[in-house]
2 protein chains.
Amino acid sequence: MTKARKPGFSDCNNATLRRAARSLGRFYDDALAPSGLKSTQFGLIFQIHVSDEPAMGTIAEALIMDLSALGHTLKPLIRDGYVETFPDKDDRRVKRVRLTPQGDVKLDEALKLWSVAQRQFEEKVGAEQAAKLRAALDVVADLDLEMPAAASSN
Amino acid sequence: MTKARKPGFSDCNNATLRRAARSLGRFYDDALAPSGLKSTQFGLIFQIHVSDEPAMGTIAEALIMDLSALGHTLKPLIRDGYVETFPDKDDRRVKRVRLTPQGDVKLDEALKLWSVAQRQFEEKVGAEQAAKLRAALDVVADLDLEMPAAASSN
DNA sequence: CGGCAAAAGTGGCATATGCCACTAATTGAA
DNA sequence: TTCAATTAGTGGCATATGCCACTTTTGCCG
């Protein structure tokens, strides 16, 4: 009794992960809705907050996201005045990012909403369990996966 | 020693999940690239394949995705001739979905590529571990999360 | 039977993400 | 110093996802 469960219940690690991400994403989105921020924007703003005027590349690396994707995602936040960029003093190719005063305020506001969702989630699955899950997800995220054949030679 | 780890290493379950999803998504996308399908499209086609001419709403529910999002995602697959829709015999509101012969062929092609990535992943984390992770993710995905205060009164 | 609420999709609008082709700066030789 | 290779971002294009406002069908109730 290990096969043919709910029809279409895929064994694909990626599909399962995305499915969970959609589900949980909606939950956190709902929770953050009053702030006007999406959970992704909240995460990005938080990342900027805890970093020290990080370069775009640094953020992209930390979040494991494409640099250009980061640029796109940053636009609405800049447009709304929560984030601003400025050139690095030593390397003009580098663009650094920081929160504006408004961004700080918005982050505080969002953090309150976020903590409710976070608590709610951890009550359901248990803080221990949640921590384990995050740890497992971090392992997966930082895995050095590479296609064997696809790589250069053998 | 439980705080201030890697800068910006968030405790947010959602952020951690999305980060892992981006990472793993790229891996599977790379693996499927030769087929021309994205991992999301592969997952969708697979879901359609294992279902019996499912209605759009049925697919959306299984994948926990917004019905309209499903509609959007389906478009390129229909355009490329892998999927087709047809009206339900009894309820004209319902639109059912199925793979075209080309879709079946493409699925076979993609499955071969997918299995390589899947195997590669499970070798890295261990089949046992991977299964546990998927189980945990399914639990999370199917959790009945709801904002307490956000609900009606209280 | 008439009409209203619920159910299933569609379309528009906005954000999330990626890849690719380019441009601007740097760095590292020759 | 000069030029090729590398690094950091940008812009365009395409898919992924959601929410909301509608439209079409059904269902159901009085």
Side-chain angles (χ1 to χ4, degrees), chain A residues 14-15 17-33 36-45 47 54-61 63-80 82-83 85-97, chain B residues 14-15 17-30 32-33 36-45 54-61 63-80 82-83 85-97:
Chain A
N14 184 53
L17 190 49
R18 291 191 76 91
R19 179 166 173 275
R22 280 191 295 270
S23 181
L24 198 58
R26 254 201 250 188
F27 175 63
Y28 276 82
D29 275 347
D30 285 348
L32 289 167
L37 292 179
K38 305 295 211 61
S39 60
T40 40
Q41 302 183 311
F42 167 73
L44 179 49
I45 283 183
Q47 179 66 41
M56 288 188 59
T58 304
I59 300 174
E61 198 177 340
L63 300 182
I64 310 187
M65 70 187 296
D66 186 87
L67 177 58
S68 74
L70 171 62
H72 299 320
T73 304
L74 228 33
K75 279 180 189 171
L77 295 174
I78 292 174
R79 178 203 58 199
D80 296 338
Y82 301 141
V83 169
T85 61
F86 60 100
D88 181 274
K89 290 305 175 192
D90 304 313
D91 190 333
R92 275 182 294 174
R93 287 172 305 179
V94 175
K95 190 194 281 191
R96 291 184 174 284
V97 187
Chain B
N14 183 54
L17 190 49
R18 293 192 74 91
R19 178 165 174 274
R22 281 191 295 269
S23 181
L24 198 57
R26 253 198 250 189
F27 175 62
Y28 277 83
D29 275 347
D30 286 348
L32 288 168
L37 291 179
K38 304 296 211 61
S39 60
T40 40
Q41 303 183 310
F42 166 73
L44 179 50
I45 283 183
M56 288 188 60
T58 304
I59 300 174
E61 199 177 340
L63 300 182
I64 310 187
M65 70 186 299
D66 186 87
L67 177 58
S68 75
L70 171 62
H72 299 320
T73 304
L74 228 33
K75 279 181 188 168
L77 294 174
I78 293 175
R79 178 201 58 199
D80 296 338
Y82 301 141
V83 168
T85 61
F86 60 100
D88 181 274
K89 290 305 175 191
D90 304 311
D91 190 333
R92 274 182 294 175
R93 287 172 305 179
V94 174
K95 188 194 281 189
R96 291 184 174 284
V97 187

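What you see is a predicted model, and the numbers here were worked out from it, not measured in a lab. Computed over heavy atoms, backbone and side chain alike; hydrogens, waters and symmetry mates excluded. In what follows, every chain begins at residue 1, and chains take the letters A, B, ... in the order their sequences are listed.
The separation between B:L77 atom CG and D:dT15 atom P is 9 Å, rounded to whole Å. Distance CG (B:L67) to C1' (C:dG11): 12 Å, rounded to an integer number of Å. Spacing between atom CG of A:L44 and atom C1' of C:dA16 amounts to 11 Å, rounded to whole angstrom units. One atom, CZ of A:R18, and another, C1' of D:dA16, lie 7 Å apart when rounded to the nearest Å. In this entry the distance linking CG of B:L70 with P of C:dG9 reads 9 Å, nearest Å. Spacing between atom CD1 of A:I45 and atom P of C:dT15 amounts to 13 Å, rounded to whole angstrom units. What separates CZ of B:R19 from P of C:dT17 is a distance of 13 Å, to the nearest Å. Separating the CE atom of B:M65 from the P atom of D:dT15 is a distance of 14 Å, rounded to the nearest angstrom.
For C:dG12, its base sits under 3.5 Å from the side chain of B:H72 at one donor and acceptor pair at least.
DNA chain C is contacted by both A:Q41 and B:R96; B:R96 maps to the nucleotide lying nearer its 5′ end (nearest heavy atom per residue). Looking at which nucleotide of DNA chain D each of A:T58 and A:R26 is closest to, the 5′-most match is held by A:T58. In terms of position along DNA chain D, the nucleotide closest to A:D91 lies nearer the 5' end than the nucleotide closest to the other residue of the pair A:D91 and A:R22.
For D:dT15, neither phosphate oxygen OP1 nor OP2 lies less than 4.0 angstrom from any side-chain nitrogen or oxygen of B:T73. Distances shorter than 4.0 Å separate none of the side-chain N or O atoms of A:R93 from OP1 or OP2 on D:dT7. In this model, the phosphate group of C:dT26 is approached by a side-chain N or O of A:R92 to a distance below 4.0 Å at OP1 or OP2.
When the ring-ring contact (aromatic ring centres under 6.0 Å, His included) test is applied to B:F42, the partners found at least two apart in sequence or on another chain are B:W114. Remark: A:R93 pairs with A:D91 by the salt bridge (Lys or Arg N to Asp or Glu O under 4.0 Å) rule, at least two apart or across chains. Contacts of B:P87 classified as side-chain contact (heavy atoms from CB on, under 4.5 Å), with partners at least two apart in sequence or in another chain: none. Residues meeting the salt bridge (Lys or Arg N to Asp or Glu O under 4.0 Å) test with B:R22, sequence neighbours left out: none.
Heavy atoms of A:R79 sit under 4.0 angstrom from primed sugar atoms or phosphate atoms, though from no base atom. Heavy atoms of A:D90 sit under 4.0 angstrom from primed sugar atoms or phosphate atoms, though from no base atom.
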Using atom names, set out every protein N or O paired with an N or O of nucleotides 20-22 of chain D below 3.5 Å, distance rounded to 0.1 Å.
none

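Atom CG of A:L77 is separated from atom CG of A:L44 by 5.5 Å, given to the nearest 0.5 angstrom.
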What side-chain donor-acceptor pairs closer than 3.5 Å can you find for residues 63-73 of chain A, not counting sequence neighbours?
unit_1: A:D66; atom_1: OD2; unit_2: A:S68; atom_2: N; d: 2.8
unit_1: A:D66; atom_1: OD2; unit_2: A:S68; atom_2: OG; d: 2.5
unit_1: A:D66; atom_1: OD2; unit_2: A:A69; atom_2: N; d: 3.3
unit_1: A:T73; atom_1: OG1; unit_2: A:A69; atom_2: O; d: 2.9

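The minimum heavy-atom distance between B:N14 and A:S39, with the atom names listed, is ND2-OG, 3.0 Å.
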